[in-house]
Visitor: 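Okay, here's the structure, questions in a sec.
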Number of protein chains: 2
Amino acid sequence: MDEFSFINSIKPKFYQQSSLLKGIGDDAAVFRSSMDIVTAVDTFVEDVHFSRSTMEPYHIGYRALGANISDLAAMGASPSFYLVSIVIPKNWIQEELSQIYLGMDDLASKYHMDIIGGDTVSGKQLTISITVIGYTNTNKARCRQHAKEGDIVFVTGTLGDSQAGFHILTNENNRYIDQDFYIGRHRKPEPRVAFAQALESLERVSLNDVSDGIANEASEIAEASNVSIVLSENDIPVSRSFNQFTYEQQYQWKLSGGEDFELLGTVAKYDWDVVKKAAEQTNTQLTIIGNVIEENKHPVYIEDNDVRKVLKKSGYTHLK
Amino acid sequence: MDEFSFINSIKPKFYQQSSLLKGIGDDAAVFRSSMDIVTAVDTFVEDVHFSRSTMEPYHIGYRALGANISDLAAMGASPSFYLVSIVIPKNWIQEELSQIYLGMDDLASKYHMDIIGGDTVSGKQLTISITVIGYTNTNKARCRQHAKEGDIVFVTGTLGDSQAGFHILTNENNRYIDQDFYIGRHRKPEPRVAFAQALESLERVSLNDVSDGIANEASEIAEASNVSIVLSENDIPVSRSFNQFTYEQQYQWKLSGGEDFELLGTVAKYDWDVVKKAAEQTNTQLTIIGNVIEENKHPVYIEDNDVRKVLKKSGYTHLK
């Protein structure tokens, strides 16, 4: 199959987004909308971001698009379009590549997203670069710099699961409780689109998706907002069988494991009920894990039994 | 320099596009416009699409963005934003990477384009994937499927120069006339944005940029429009010193050399004056090279002294 036949094979039979004027098949795609337009790009390289030993081709596609959609979720945006650039080495066969696109397509379908462009080139290392485009209502894009002193800090879901899944996949001789659950969280992350959109009525909420670990994401919010964030270690939500891992693993994975694609946010206390309601409506686990304080020497602190330590971006802690 | 410092170093000091609400520094960028939005992605891999033996890092960036802007030009769009995903191998040093971004930045400045996002990852092979975003007025995006029987076929500039430049760069022992000109056309292509935009008043024009050679581009227009195109071999414009190359080289390069990033188009005869005026206004060389006929057995034919041959996408010809 040549490049053109392959592109034809991934070209949608029909498009779902009514704002699309021209999809795949010209020099560029064309769309039109009066909404605010949100766009981001994320790239995944074989043996850097994923490996065939822990991922089927289908999961590689699913997770790559999932990570991108998570960026849109963190902006409160509704996912609409994606463009895929793929570098294909000789050792990848047609059927595997089709599985990558199927993984993307399955996740995209959940959001009625259309693939509207891309590029297919050859190279030494499988590389998938995805550009996503989404919409928000006017001035409703959720940014990092909106945290304020006194805000509640919350997070969706549970943290550390993806890293636990990766650990299980790379230690196959051992048996673990709920191992399919953890592996699923690693291979098929579900971005928190519905929850973020259910926050729409809020005037102000800061949001970040947990792609690099909560220590890093909290730091980004704190720095962008010129505040500091105090997290409560014991309140950080983990899965019920997470205690089967060593204390060090739990600590590392929940604070800096990353790739859980949960949402970390801060909101004014008087708006907390709106956030709680959004979580109920969208069946989303929601936990208060800290609060926002005046800008301090360090962006993020973590408290355990009233001992406050500095939390570095990497998840490393030391006494204040 | 770590990833974050590098991203900071390429982050613009200020943005030029007034439609931009949020640039680099959050999970995604945000913009707003009532115009039609045009977007495309193109990827360039070291030793596949370019080589350090014929390109300085600056040119790699310039040409990669140039090829992308050319896609916007072929849609009649005004270039506005770009996002850059780059895979960086260990053998590329910081200064070279900065030069790549400088090359992009210099070209982007000509169009007041803003870089609004990207990703920086490590890998085995330098890979640059650029997403461009541009605007057209409502329903003014120029597509391939608008050619009609009786149309004039035209092309901007001269063809084959980029391949001639590449030939000169890879045959350094020889001397050629105008060699800086040809090398410049290869390393720093100038997309035909102004010319395409000057066609704005036209109700209908089909456009394609010459990225893969005119034989291929003409074929794409013909197939998308359900017509056939007849090109006149002697009318295909080449540079004045192009006859220093062998007849075979000239023939091959002008028909399928590609990467000249000129515009190939078709327009109704009664609109020809508008096209001519657009060329004059934007100081663009413009040549009539053929005409559109009713859909025939093959999409593209080429005529030389009244002998009509079939022109394959690859530039290969055989008698009808």
Side-chain angles (χ1 to χ4, degrees), chain A residues 21-22 25-49 70-75 77 81 83-87 116-125 127 129 131-134 136 138-139 141-145 207-209 211 220 224, chain B residues 21-22 25-49 70-75 77 81 83-87 116-125 127 129 131-134 136 138-139 141-145 207-209 211 220 224:
Chain A
L21 302 173
K22 178 95 202 162
D26 216 300
D27 297 298
V30 188
F31 61 96
R32 182 190 301 161
S33 174
S34 59
M35 299 184 81
D36 285 359
I37 296 150
V38 179
T39 185
V41 63
D42 243 336
T43 300
F44 305 86
V45 179
E46 186 177 0
D47 297 330
V48 177
H49 299 91
S70 183
D71 280 328
L72 293 179
M75 301 299 283
F81 306 116
L83 301 92
V84 181
S85 152
I86 186 163
V87 179
I116 60 168
D119 200 3
T120 312
V121 300
S122 58
K124 288 180 193 159
Q125 202 173 16
T127 303
S129 185
T131 304
V132 281
I133 296 168
T136 70
T138 307
N139 292 329
R142 305 307 190 178
C143 296
R144 290 174 189 167
Q145 80 268 40
L207 279 184
N208 226 359
D209 70 317
S211 46
E220 286 185 351
Chain B
L21 303 173
K22 179 94 203 164
D26 215 300
D27 296 298
V30 187
F31 61 97
R32 182 189 303 160
S33 174
S34 59
M35 298 183 82
D36 285 359
I37 296 149
V38 180
T39 185
V41 63
D42 243 335
T43 300
F44 306 86
V45 180
E46 186 177 1
D47 297 330
V48 177
H49 300 92
S70 183
D71 280 328
L72 293 180
M75 301 298 284
F81 306 117
L83 301 92
V84 181
S85 151
I86 186 164
V87 179
I116 60 168
D119 200 3
T120 311
V121 300
S122 58
K124 288 180 194 161
Q125 201 173 15
T127 304
S129 185
T131 305
V132 281
I133 296 167
T136 70
T138 306
N139 291 330
R142 305 307 189 175
C143 296
R144 290 173 189 167
Q145 81 268 39
L207 279 184
N208 225 359
D209 70 318
S211 47
E220 287 185 350

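Fair warning: this is a prediction, and the values are worked out from it, not measured in the lab. By convention in this document, chain letters (A, B, ...) are assigned in the order of the sequence lines, proteins followed by strands, and residues within each chain are numbered from 1.
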Visitor: Report which part of T39(B) has an atom under 4.5 Å of a heavy atom belonging to chain A: side chain, backbone, both, or neither.
Guide: both
Visitor: Quick one: closest heavy-atom pair of G123(B) and V48(A), and the distance?
Guide: CA-CG2, 4.4 Å
Visitor: With a 4.5 angstrom heavy-atom cut-off, is it the side chain or the backbone of I86(B) that approaches chain A, or both, or neither?
Guide: neither
Visitor: Is chain A contacted by the side chain of A74(B), its backbone, both, or neither, given a heavy-atom distance below 4.5 Å?
Guide: both
Visitor: For V38(A), is it the side chain, the backbone, both, or neither that has a heavy atom closer than 4.5 Å to a heavy atom of chain B?
Guide: both
Visitor: So, D26(B) and R142(A), do they make that salt bridge, N to O below 4.0 Å?
Guide: no
Visitor: Please flag which part of K22(B) lies under 4.5 Å from any non-hydrogen atom of chain A: side chain, backbone, both or neither.
Guide: side chain
Visitor: Using non-hydrogen atoms and a 4.5 Å limit, figure out which bit of I37(B) sits close to chain A: side chain, backbone, both or neither.
Guide: both
Visitor: Taking side chain as everything from C-beta outward and backbone as N, CA, C, O, which of these in A29(A) sits under 4.5 Å from a heavy atom of chain B? Side chain, backbone, both or neither.
Guide: both
Visitor: What's the shortest heavy-atom distance between V41(A) and D119(B), and which atoms?
Guide: O-CB, 3.9 Å
Visitor: Using non-hydrogen atoms and a 4.5 Å limit, figure out which bit of I133(A) sits close to chain B: side chain, backbone, both or neither.
Guide: side chain
Visitor: List for me each residue that meets side-chain hydrogen bond (donor to acceptor under 3.5 Å, both in side chains) alongside T136(B), sequence neighbours excluded, and say none if there are none.
Guide: none
